[in-house]
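What follows is a single structure, written as structure tokens, with notes after it.
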Amino acid sequence: MIRQLRYVNSRGDEVVFAGGSGPYHFGQLDIFDTERDYRSVGSTITSFTDGIRELSLAVVMREGSAEHHNRLEDVLSYDVRTGQPGTLWAGDSYMRCWIPKRRLSDWMHYDSYCVWDCTVVTDRPHWVRTVEFELYARDDLDRGGLNYPHDYPHNYLYSAGASQVIRNPFMLPCACDIAFAGPCVQPYVIIGGNRYQVRSTVEAGQLLLVRGYGGKDIAIRHSDGTERSAFAQGVREPGANIFAEVPVGDSVASWSGSYNVSVTLYEERTTPWWT
């Protein structure tokens, strides 16, 4: 069951529409309905497509105040004014959207009660869920070898690099985001036989972000939060596709082991997952 919705605007402010306590609740809605456009040739469907969708969401305020009126308007209108989408959460899944239209009713009868009939607009009508993996640097790579109480004819060294099994639990190959933590030079990670690599130098305190989900991008984020593009440095050659999808099931992820790597996998569908 989905007992709670929440909208988080692009500044991080949120309002929670709960089925139980709190001033905001949700009423009638169609945001969970499924609708896909399609293309056809003659009498044969050739593909399904996404378009801009308008969805309805009734927000009910009970035992609220003027402060609650103002907060709802401030949180929802911020994204409309900036043009940046907010995030509507349903359980553990989310959709990027705006809520630009709100029709207020029943407000004149009770000081603490009213209803907003909201229109939710999205140009990416998908609900999304994620799974994340942290690949940690090995702290033994700089030790050089093992000290034994007796001499041996050769040295026993730690194996170069590191590896870890990650799992795509979804039904289809999925897009991924990858973050490399500095310091590192030309960092890479190999997943399912594909090498994700960027020919850039990342300093301590910086992050190299490979955004394979949504609008594809590569950027270096500085410690002050600003970013500069590294899109042209992404490696694209046989065996190395910087934006490749991760196959279904288990894959071995291997990297040098000298820096931390974060991998986020994304799954989409037209309705949220019930929890």
Side-chain angles (χ1 to χ4, degrees), residues 2-19 22-37 49-62 64-105 107 114-130 132 175 177 179 207 209 211-217 219 221-222 224-229 264 266-273 275:
I2 296 175
R3 304 184 184 277
Q4 177 178 290
L5 303 174
R6 59 189 176 98
Y7 183 85
V8 184
N9 69 18
S10 55
R11 200 176 71 162
D13 302 322
E14 74 172 24
V15 287
V16 177
F17 314 121
Y24 308 115
H25 308 270
F26 62 89
Q28 287 189 320
L29 48 79
D30 66 3
I31 60 175
F32 300 155
D33 295 351
T34 299
E35 181 180 350
R36 298 291 296 274
D37 298 328
T49 61
D50 301 317
I52 296 175
R53 286 192 63 193
E54 291 188 356
L55 308 165
S56 63
L57 169 64
V59 175
V60 180
M61 185 181 74
R62 294 198 297 262
S65 64
E67 180 182 354
H68 294 117
H69 276 272
N70 293 331
R71 175 166 179 79
L72 183 74
E73 289 296 326
D74 288 343
V75 172
L76 299 187
S77 64
Y78 180 82
D79 295 322
V80 177
R81 295 180 63 182
T82 63
Q84 298 295 318
T87 306
L88 182 62
W89 286 88
D92 295 330
S93 50
Y94 67 87
M95 180 174 63
R96 302 292 189 194
C97 62
W98 293 265
I99 305 181
K101 183 177 180 181
R102 296 174 294 281
R103 186 175 66 85
L104 183 63
S105 63
W107 61 273
C114 69
V115 177
W116 287 274
D117 292 314
C118 300
T119 299
V120 179
V121 178
T122 178
D123 55 7
R124 194 174 182 89
H126 295 284
W127 293 91
V128 182
R129 64 176 176 175
T130 63
E132 299 181 3
D177 289 349
L207 281 176
L209 305 172
R211 299 181 174 114
Y213 176 73
K216 293 178 172 55
D217 186 30
R221 179 180 293 169
H222 303 280
D224 62 1
T226 60
E227 296 183 1
R228 62 179 173 88
S229 176
T264 304
Y266 293 84
E267 184 180 27
E268 295 181 330
R269 75 176 191 180
T270 53
T271 58
W273 289 263
T275 57

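This one's a predicted model, so the numbers in the text were calculated from it and none came from an experiment.
- Heavy atoms only, all atoms of each residue included: Tyr7 and Ile99 are closest at CD1-CD1, 3.8 Å.
- For Glu227, the side-chain hydrogen bond (donor to acceptor under 3.5 Å, both in side chains) test picks out Arg211, Arg221, with sequence neighbours left out.
- In this structure, the side chains of Cys114 and His69 come closer than 4.5 Å at one or more pairs of heavy atoms.
- With Arg6 as the fixed residue, the side chain to side chain contact (heavy atoms under 4.5 Å, CB included) test singles out one of Val16, Val15, Leu88, Thr87: Val16.
- Between the CE atom of Met95 and the NE2 atom of His126 there is a distance of 10.5 Å, given to the nearest 0.5 Å.
- Taking every heavy atom of both residues into account, Ile2 and Gly91 meet most closely at CG2-N, 4.3 Å.
- Taking the side chain as every heavy atom from C-beta outward, Leu5 and Ile31 approach each other to under 4.5 Å.
- For Asn70, there are no side-chain hydrogen bond (donor to acceptor under 3.5 Å, both in side chains) partners, not counting sequence neighbours.
- Atom CH2 in Trp116 sits 4.5 Å away from atom CE in Met61 (nearest 0.5 Å).
- Rounded to the nearest 0.5 angstrom, Leu76 CG and Cys118 SG are separated by 6.0 Å.
- Residues passing the side-chain hydrogen bond (donor to acceptor under 3.5 Å, both in side chains) test with Asp13 are Arg11, sequence neighbours excluded.
- In this structure, the side chains of Val8 and Tyr94 stay at 4.5 Å or more apart for every pair of heavy atoms.
- For Asp30, the CG atom counts as densely surrounded, since its 6.0 Å shell holds more than 12 non-hydrogen atoms of other residues, nucleotides or ligands.
- Pairs engaging residues 121-130 under the salt bridge (charged side-chain N to carboxylate O under 4.0 Å, His left out) rule: Arg124-Glu268, Arg129-Glu267 [sequence neighbours left out].
- Heavy-atom minimum distance, Trp127 versus Ala90: CZ3-CB, 3.7 Å.
- The backbone N or O of Asp79 lies less than 3.5 Å from no partner atom in the side chain of Asn9, so there is not a single donor-acceptor pair.
- Here Thr271 pairs with nothing under the side-chain hydrogen bond (donor to acceptor under 3.5 Å, both in side chains) rule; sequence neighbours left out.
- Across Pro100 and Val80, no two heavy atoms sit closer than the pair CA-CG2, 3.7 Å.
- Taking each heavy atom of Leu29 and Phe32 in turn, the nearest pair found is CD1-CD1, 4.0 Å.
- Of the N and O atoms on the side chains of Thr49 and Asp37, not one donor lies less than 3.5 Å from an acceptor on the other residue.
- Taking the six-membered ring for Trp and thresholds of 30 and 60 degrees, Tyr213 and Tyr266 have nearly parallel ring planes, at less than 30 degrees apart.
- When atom types are taken as modelled, the side chain of Trp98 and the backbone of Gln84 share a donor-acceptor pair closer than 3.5 angstrom.
- Among pairs with a residue in residues 96-105, those fulfilling salt bridge (charged side-chain N to carboxylate O under 4.0 Å, His left out) read Glu73-Arg102, Arg103-Asp117, at least two apart in sequence or across chains.
- The shortest side-chain heavy-atom distance between Val59 and Phe17 falls under the 4.5 Å cut-off.
- Here the closest heavy-atom approach between residue Gly212 and residue Asp177 is recorded as N-OD1, 3.0 Å.
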